Amino acid sequence: MTVERYDAYDPFAAAYDRHWGGFGEAVLPALDELTGGRLAAGARVLDLCCGTGRLAAALVARGCEVVGIDGSAAMIELARRNAPGAEFRVADARDFSVAAPVAVAVSTFDSLNHVMDLAGLAAVFGCVRRALLPGGRFVFDLNVEEGYLARWRGSFGIVRDDEVLVARASYDQEAKVGRTDLTMMVPDGDRWQRTDVPLTQRCHAEEDVADTLRAAGFGDVAATDGRDVGLTEVGRVFFRAAAPPAG
């Protein structure tokens, strides 16, 4: 399958790393619980849609062997600085492979909500399934409708001496599409440079996600509310699944 690489985060990479990059580290205890403690020293781990590599850095510090994949070249550039002990590659989540199979695959911070249709999710799940060892585990989180209704509205701003960022969020309940419009300004000599970035997400029904995982060959499919594994926000659900055992 040949797809156009998802690179929408390129102009947003530095701001993302500064303000949101720590999510992966914060969610690590939930990943430990949902993977049954498999994120341990010596484990080979795929961090899919790895962003700027903060989760990868935490896993490397544990002694994991980490390969990170992201569609944004700018994100990967920062990830290589944040986690020099990991292996990183620019590739789309819907069309990738790994050189050696992994025991665990994770994808965090609603990254897969940016896959806008079930055919795209099926492609992601197929790639992950082929990347996993027999019996390997796959854990990822998605925003579900409760989260979009609660959080995808209004606006906020960040003002610093070296940065101005404004985010405006909205959710089209009929189309099941969340949109965040970002306006960023940074100094450029004696002027300020403005960049506008629109980001969209799809609200996928939980049953559709589970069915798509099973169709890709996964078993032991289950969904867990993020609040049950230590998170506080509403509307974030973690899915977990297992590759078939050997034989």
Side-chain angles (χ1 to χ4, degrees), residues 1-6 8-9 24 27 30-31 33-36 38 45-51 67-71 91-98 101-149 152 171-179 199-226 228-229 231 234-246:
M1 176 182 181
T2 301
V3 299
E4 183 177 352
R5 177 167 53 86
Y6 184 84
Y9 271 74
V27 81
L31 297 178
E33 180 174 343
L34 293 167
T35 61
R38 288 175 173 82
V45 180
L46 168 64
D47 184 2
L48 184 60
C49 307
C50 62
V67 55
I69 289 175
D70 201 282
D92 194 278
R94 297 163 294 176
D95 186 17
F96 74 91
S97 60
V98 296
V102 299
V104 182
V106 297
S107 186
T108 61
F109 210 4
D110 49 86
S111 294
L112 297 184
N113 282 112
H114 292 291
V115 179
M116 298 299 288
D117 53 43
L118 287 175
L121 275 186
V124 173
F125 297 162
C127 289
V128 173
R129 166 69 186 82
R130 290 186 289 274
L132 283 167
L133 289 164
R137 295 301 193 268
F138 180 29
V139 175
F140 61 96
D141 68 84
L142 291 176
N143 287 319
V144 295
E145 188 149 70
E146 183 183 14
Y148 286 107
L149 292 173
W152 255 251
Y171 178 60
D172 184 330
Q173 191 170 6
E174 182 176 353
K176 306 299 182 187
V177 172
R179 180 180 173 105
L199 299 173
T200 56
Q201 294 194 1
R202 171 74 63 183
C203 177
H204 296 287
E206 291 183 48
E207 58 271 24
D208 289 342
V209 176
D211 287 345
T212 305
L213 281 165
R214 295 186 185 100
F218 285 97
D220 298 328
V221 175
T224 301
D225 191 302
D228 293 334
V229 286
L231 279 70
V234 302
R236 186 179 299 278
V237 170
F238 286 82
F239 291 84
R240 60 188 188 275

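Computed from a predicted model, the values in this text were never measured in an experiment. By convention here, the first residue in the shown sequence is residue 1. Every heavy atom of this structure was used, including side-chain atoms; hydrogens, water molecules and symmetry mates were not.
Within the 4.5 Å cutoff, the side chain of R179 has no heavy atoms near those of the D172 side chain. Between V124 and L48 the shortest side-chain heavy-atom distance falls below 4.5 Å. Residues Y9 and D70 are not in side-chain contact: their nearest non-hydrogen atoms beyond the backbone lie 4.5 Å or more apart. For the pair F140 and V128, the minimum side-chain heavy-atom distance is 4.5 Å or more. Side-chain contact between C49 and Y6: absent, with no pair of heavy atoms (C-beta onward) separated by less than 4.5 Å. Residues V177 and R202 are in side-chain contact: their nearest non-hydrogen atoms beyond the backbone lie under 4.5 Å apart. Between L118 and H204 there is a side-chain heavy-atom pair separated by less than 4.5 Å. L112 places none of its side-chain heavy atoms less than 4.5 Å from the side chain of F239.
Ring planes of F218 and F138: tilted class, angle from 30 to 60°.
Listed for the R5 side chain is a donor-acceptor partner under 3.5 Å among the backbone atoms of G71.
If you take CZ on F96 and CZ on R130, they are separated by 8.5 Å, rounding to the nearest 0.5 Å. Rounding to the nearest 0.5 Å gives a distance of 8.0 Å between CG of D117 and CZ of R94. Between Y171 atom OH and K176 atom NZ the span is 4.5 Å, to the nearest 0.5 Å. For the atom pair CG (N113) and CG (L199), the distance works out to 12.0 Å, reported to the nearest 0.5 Å. Summarising the geometry, atom CD belonging to Q173 is positioned 5.0 Å from atom CG belonging to L149; distances are rounded to the nearest 0.5 Å. Atoms CZ and CG, on F109 and L142 in that order, are 13.0 Å from each other to the nearest 0.5 Å.
A pairwise comparison of heavy atoms in L132 and R137 identifies CD2-O, 3.6 Å as the closest pair. Considering every non-hydrogen atom in both R38 and V104, the closest pair reads CB-CG2, 3.7 Å. Considering all non-hydrogen atoms of both residues, L121 and T212 come closest at C-CG2, 4.3 Å. The minimum heavy-atom distance between E145 and C203, with the atom names listed, is N-SG, 3.4 Å. Pairing each heavy atom of E206 with each of A223, the nearest pair is OE1-CB, 4.0 Å. When all heavy atoms are compared, the tightest approach of I69 to S97 is CD1-O, 4.4 Å.
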Report task. Report the C-alpha distance between D47 and V67 in whole Å, list the side-chain angles of each, state the deciding distance to 0.1 Å, and finish with yes or no for side chain to side chain contact (heavy atoms under 4.5 Å, CB included). Result -> CA-CA 6 Å; D47 184 2; V67 55; over 6 Å; no
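At a threshold of 4.0 Å, the pair D110-R236 counts as salt-bridged, since one of the basic side-chain nitrogens sits closer than that to a carboxylate oxygen.
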